[in-house]
Amino acid sequence: MATAAQFTRLPHPAPTAAADRAAVLADPGFGKCFSDHMVCIDWSEDKGWHNPVIGPRGPIALDPAASVLHYAQEIFEGLKAYRTADGGIALFRPEANAARFNASARRLAMPELPEDLFIGAIRELVAADSDWFPTVEGGSLYLRPFMIATEAFLGVRPAKEYKFLVIASPAGNYFKSGAPAVSIWVSDYTRAAPGGTGAAKCGGNYAASLVPTAEAFANGHDQVLFLDAAEHKWIEELGGMNLFFVFSDGTLRTPALTGTILPGITRDSLLQLAREEGLTVQEDRYSLDQWRADAASGHLVETFACGTAAVVTPVGKVADRTSEFTIGSGGPGQLTQKLRARLVAIQRGEAPDTHGWVTRLG
């Protein structure tokens, strides 16, 4: 069984030139550019996890009958490495990503990866590509661990061979509209149903969201909102983020995790910070009709979305095929900005880490 201390390190024959890298880092966008290296670890039924390698990023050789191409056994995670205030490098709650990765693996009938190997792989990649941190304000190194089924077999059963990989992408801002708050489109499509894979971070969930997301863009909105599958009235989540609602009486609400919503690590962190702020925190159902009515009456004063990529993002406007409504002034609210500032300060080492959330890498 492989351990985090056993990585084979392969030299890169042609790393990106410093000038070319600098041009990328000055305006990286999100998910467009990639660093020089990647991690790869194999799994087989007889050997378990083995052959951990850090080497040049490049194409993956797959048999045309590889199970991932036919039966979609694929899971992934997303987390960031941050430059801290003292010039160091840190991760935010990587053990939570490791735990969620393994929860996804169990749901997709894939092998679990030991937490120390998950975090060790990320350490190796960040150390190899530490020169790839963006120079833009708020920039980070986005990390994408993922696992695919590689066995060449066309029967419907769990594969007996897998690859775990980690790649990195220098990241700037997730949203590019420049607006003070995002606008969201309420979809007629459903993201997940009870008993399905909604709580797993697997590619199929995101593939199903592409048509409704494109519809949101076509109607001039930044993100898509999914309602529940059974009644199509209860708010669940956006295409890639959890939602929070702030009320005039100091209550903060977010949809409960019922198995159809991805348990966001940013979501969990904000819940803890909100309780420390003395807010009344509720994890409960909230309907679209009630959201519209509360926004109109002024009882609802803020809404924000959260996730690893976008961190905390104000929601200013909500629309469907027949109507639209504005939340508060349509811009970022005070609590949204306060919680975001607290979270980012912890992530970047500018505030005390009283929860043990930050893992220093150097």
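Asn242 and Thr266 share no donor-acceptor pair across their side chains, judged by distance under 3.5 Å alone. A side-chain donor from one of Glu302 and Thr336 sits under 3.5 Å from a side-chain acceptor of the other. Using modelled atom types, one finds no donor on one side chain facing an acceptor on the other under 3.5 Å when comparing Ser287 with Asp289. The closest side-chain donor-acceptor pair between Asn219 and Glu215, if any, does not fall under 3.5 angstrom.
In this structure, Glu112 pairs ionically with Arg106, as a charged nitrogen and a carboxylate oxygen lie closer than 4.0 Å. Using a 4.0 Å cut-off between charged side-chain N and carboxylate O, Arg253 and Asp294 make no salt bridge.
With a 6.0 Å cutoff to the six-membered ring centre and a 45° limit on the axis angle, Arg57 counts as a cation-pi contact of Phe34.
Both Val358 and Val344 are part of a single hydrophobic cluster, where members link through side-chain heavy atoms under 4.5 Å apart. Transitive grouping of hydrophobic side chains (ILVMFWY, heavy atoms separated by less than 4.5 Å) keeps Met241 and Trp234 in distinct clusters. Residues Met147 and Phe7 share a single hydrophobic cluster, defined by chaining ILVMFWY side chains whose heavy atoms lie under 4.5 Å apart. A continuous path of hydrophobic side-chain contacts links Val166 to Ile75 [ILVMFWY only; heavy atoms under 4.5 Å].
For Glu231, the CD atom counts as densely surrounded, since its 6.0 Å shell holds more than 12 non-hydrogen atoms of other residues, nucleotides or ligands.
The closest side-chain heavy-atom distance from Phe244 to Val312 is not below 4.5 Å. Between Pro145 and Asn97, the closest side-chain pair of non-hydrogen atoms is not below 4.5 Å. Looking at heavy atoms from C-beta onward, Leu25 lies in side-chain contact with Trp132 at the 4.5 angstrom threshold. No side-chain heavy atom of Ile184 sits under 4.5 Å from any side-chain heavy atom of His221. Looking only at side-chain heavy atoms (C-beta outward), Gln223 and Val182 stay at 4.5 Å or farther from each other. Residues Ile54 and Leu125 are in side-chain contact: their nearest non-hydrogen atoms beyond the backbone lie under 4.5 Å apart. With contacts defined as side-chain heavy-atom distances shorter than 4.5 Å, the pair Tyr162/Gln73 qualifies. In this structure, Leu288 and Lys233 have side chains that are not in contact, with every pair of non-hydrogen atoms separated by 4.5 Å or more.
Arg285 is linked by a side chain to side chain donor-acceptor pair (under 3.5 Å) to nothing, counting only residues two or more places apart in sequence or in another chain.
Not one N or O on the side chain of Glu124 forms a donor-acceptor pair closer than 3.5 Å with the backbone of Val39.
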>> Show, in sequence, the C-alpha distance, side-chain angles and deciding distance for Asp86 and Arg360, and conclude whether the salt bridge (Lys or Arg N to Asp or Glu O under 4.0 Å) test is met.
In response: CA-CA 11 Å; Asp86 60 5; Arg360 296 296 296 252; 3.0 Å; yes
> Would Arg93 and Glu77 satisfy salt bridge (Lys or Arg N to Asp or Glu O under 4.0 Å), going step by step from the backbone distance to the final call?
Replying inline: CA-CA 12 Å; Arg93 302 188 67 183; Glu77 272 299 319; over 6 Å; no
> Given the rule in the salt bridge (Lys or Arg N to Asp or Glu O under 4.0 Å) test, do Glu237 and Arg191 qualify, once you have shown the distances and angles that lead to the verdict?
Replying inline: CA-CA 9 Å; Glu237 63 176 274; Arg191 175 187 173 273; 3.4 Å; yes
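Under the 30°/60° scheme for interplanar angles, the aromatic rings of Phe118 and Phe164 are found to be tilted. Ring planes of Tyr286 and Trp291: tilted class, angle from 30 to 60°.
Nearest approach of Ile89 to Ser130, heavy atoms of both residues: CD1-CB, 4.0 Å.
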